[in-house]
Amino acid sequence: MKKGFVVFMHLALILGFAVPVLAQPSSKSVETVLIDNFDTPDQMEWTWKVQASRFVAEGYPILKYHEGISNSLTPFVKEGETPQVLGVKVAFDRKGDNWFEIYPSKDDKPYEIPFIGNVTHLDFWVWGSQYLYFIDVLVRDADGSVHVIPAGNLAFNGWRNIIVTIPSYLRQKSRLHSGPECMTFVGFRLRADGNEHADDYRFFIDKFQYTTGALSNVFDGYFLQKADFGDEESKQEGQ
């Protein structure tokens, strides 16, 4: 009897500790979230815009959608779909510290795309034209600071998949109830090497997505973060 009682107690302890663990969302759950494949611009919540540094030639930069896709992505095109990519053509009046930025816009204002969960990697396809340009990703952390994440250079021909690791030191969720809920995507910045030709540069991008632990910020009682205590209206009246 004593031995049986000990076994029973061991099972009770194991189950007692296991049930709460199983009830929690798995922080290791990983998902891939598509930001834009550039195939249906008229169905997006935002539009894409481009701006350039001060020595940009008159009439540039030009942003335009083009039919096309990397050969590596053709198996994923569904029947009846017409794949497109986003392209930019830019020219500058002189060599030097030239750059341009591609960013989302909403209601004719810059718009920052919110990320879901704890982002680990950004993933996108770019078309290089053998010019020495460097591409950076701009993100805003949950403290409100913008960070420039280098993504390599574009001195190659044709399509290439670029995967960028998000630094672990970036705060992606504010602990403050009044703080930002998540990290956001600000835009892409492309910078020319100071000695690179500046009169004719073309760039294309496709299938912009990211990998995230979508459930990492979800916990038991998650929705109570936004519980209504009846004071929001009085706060707004006092502003």
Side-chain angles (χ1 to χ4, degrees), residues 25-50 63-88 100-106 110-128 133-142 146-154 156 158-168 170-173 180-190 203-218:
S26 173
S27 61
K28 296 182 179 180
S29 176
V30 177
E31 296 182 25
T32 299
V33 179
L34 179 68
I35 292 181
D36 201 347
N37 61 8
F38 307 101
D39 292 343
T40 55
D42 56 332
Q43 299 177 18
M44 300 302 295
E45 182 183 351
W46 60 83
T47 59
W48 293 96
K49 292 193 175 183
V50 61
L63 183 146
K64 186 178 179 181
Y65 288 87
H66 295 262
E67 290 187 15
I69 193 172
S70 164
N71 288 335
S72 299
L73 296 177
T74 52
F76 303 100
V77 178
K78 297 179 181 179
E79 186 177 354
E81 292 182 342
T82 302
Q84 294 190 101
V85 299
L86 183 68
V88 172
F100 65 93
E101 293 177 344
I102 304 170
Y103 61 95
S105 174
K106 190 175 181 180
Y111 170 70
E112 298 183 9
I113 301 172
F115 289 111
I116 299 171
N118 187 55
V119 180
T120 56
H121 298 88
L122 302 180
D123 182 328
F124 48 92
W125 289 77
V126 295
W127 186 93
Y133 272 68
F134 300 88
I135 182 169
D136 299 324
V137 181
L138 309 181
V139 299
R140 188 184 303 276
D141 67 18
V146 174
H147 297 264
V148 179
I149 305 176
N153 70 70
L154 303 174
F156 55 84
W159 288 103
R160 181 173 294 182
N161 184 213
I162 293 182
I163 298 176
V164 181
T165 301
I166 298 296
S168 59
L170 293 189
R171 189 185 298 277
Q172 299 196 36
K173 179 176 174 59
E181 293 187 2
C182 58
M183 184 173 70
T184 57
F185 169 76
V186 178
F188 293 102
R189 177 182 294 161
L190 288 90
F203 168 79
F204 299 91
I205 186 169
D206 196 13
K207 198 175 184 181
F208 179 28
Q209 58 189 3
Y210 63 92
T211 304
T212 178
L215 298 179
S216 60
N217 294 325
V218 178

To the nearest 0.5 Å, tell me how far Thr32 OG1 sits from Gln209 CD. 5.5 Å
What do the steps show when you test Gln172 against Ile166 for side chain to side chain contact (heavy atoms under 4.5 Å, CB included), and what is the final call? CA-CA 10 Å; Gln172 299 196 36; Ile166 298 296; 3.7 Å; yes
Measure across Pro114 and Tyr111 and return the closest heavy-atom pair with its distance rounded to 0.1 Å. CD-OH, 3.6 Å
Using the test side-chain contact (heavy atoms from CB on, under 4.5 Å), find all partners of Asp39 that sit at least two apart in sequence or belong to another chain. Asn37, Pro83, Gln84
Which atoms form the tightest heavy-atom contact between Thr184 and Phe115, and what is the distance? C-CE1, 3.5 Å
Rounded distance [0.5 Å steps], NZ in Lys173 versus CZ in Arg171: 11.5 Å
Please report whether the ring centroid of Phe100 lies less than 6.0 Å from that of Tyr103. no
side-chain contact (heavy atoms from CB on, under 4.5 Å) test vs Phe188 passes for just one of Val88, Val50, Val137, Asp136, namely Val137
At their closest point, which heavy atom of Arg140 faces which heavy atom of Met183, and how far apart are they? O-CG, 3.1 Å
Would a distance-only check, ignoring hydrogens and angles, find a side-chain to backbone donor-acceptor pair under 3.5 Å from Glu67 to Thr82? no
So do the side chains of Leu190 and Phe134 get within less than 4.5 Å of each other, counting heavy atoms only? no
Please check if the side chain of Thr120 supplies one atom and the backbone of Thr211 the other of a donor-acceptor pair under 3.5 Å. yes
Side-chain (Asp206) to main-chain (Val126) donor-acceptor, under 3.5 angstrom: no
Run Ile135 and Phe203 through side chain to side chain contact (heavy atoms under 4.5 Å, CB included) and show every step you take. CA-CA 11 Å; Ile135 182 169; Phe203 168 79; 4.1 Å; yes
Among all residues two or more places apart in sequence or in another chain, which pass the ring pair (Phe, Tyr, Trp, His ring centres under 6.0 Å) test with Tyr133? Tyr201
Dump the intermediate steps for side chain to side chain donor-acceptor pair (under 3.5 Å) on Trp48 and Asp36, then the final yes or no. CA-CA 10 Å; Trp48 293 96; Asp36 201 347; 2.8 Å; yes
Hits for side-chain contact (heavy atoms from CB on, under 4.5 Å) against Ser72, two or more places apart or cross-chain, chain-then-number order -> Ser70, Trp125
Enter the distance from Lys106:NZ to Met44:CE here, rounded to the nearest 0.5 Å. 11.0 Å
Atom NZ of Lys64 with >12 non-hydrogen neighbours under 6.0 angstrom: no
How far apart are the closest heavy atoms of Gly87 and Phe204, and which atoms are they? CA-CD2, 3.4 Å
So, taking the atom named CD1 in Ile162 and the one named CD1 in Ile205, what distance separates them when rounded to the nearest 0.5 Å? 8.0 Å
What is the minimum heavy-atom distance between Pro150 and Val164, and which atoms define it? O-CG1, 4.2 Å
Any sub-3.5 Å donor-acceptor pair from Thr165's side-chain atoms to His121's backbone N or O? no
Tell me the closest heavy-atom pair linking Trp46 and Ile35, and the distance in Å. CZ2-O, 3.5 Å
Tell me whether the centres of the aromatic rings in Phe185 and Tyr210 are closer together than 6.0 Å. no
Pair Trp159, Val85 - check side chain to side chain contact (heavy atoms under 4.5 Å, CB included), show working. CA-CA 11 Å; Trp159 288 103; Val85 299; 3.6 Å; yes
Enter the distance from Leu73:CG to Asn161:CG here, rounded to the nearest 0.5 Å. 8.0 Å
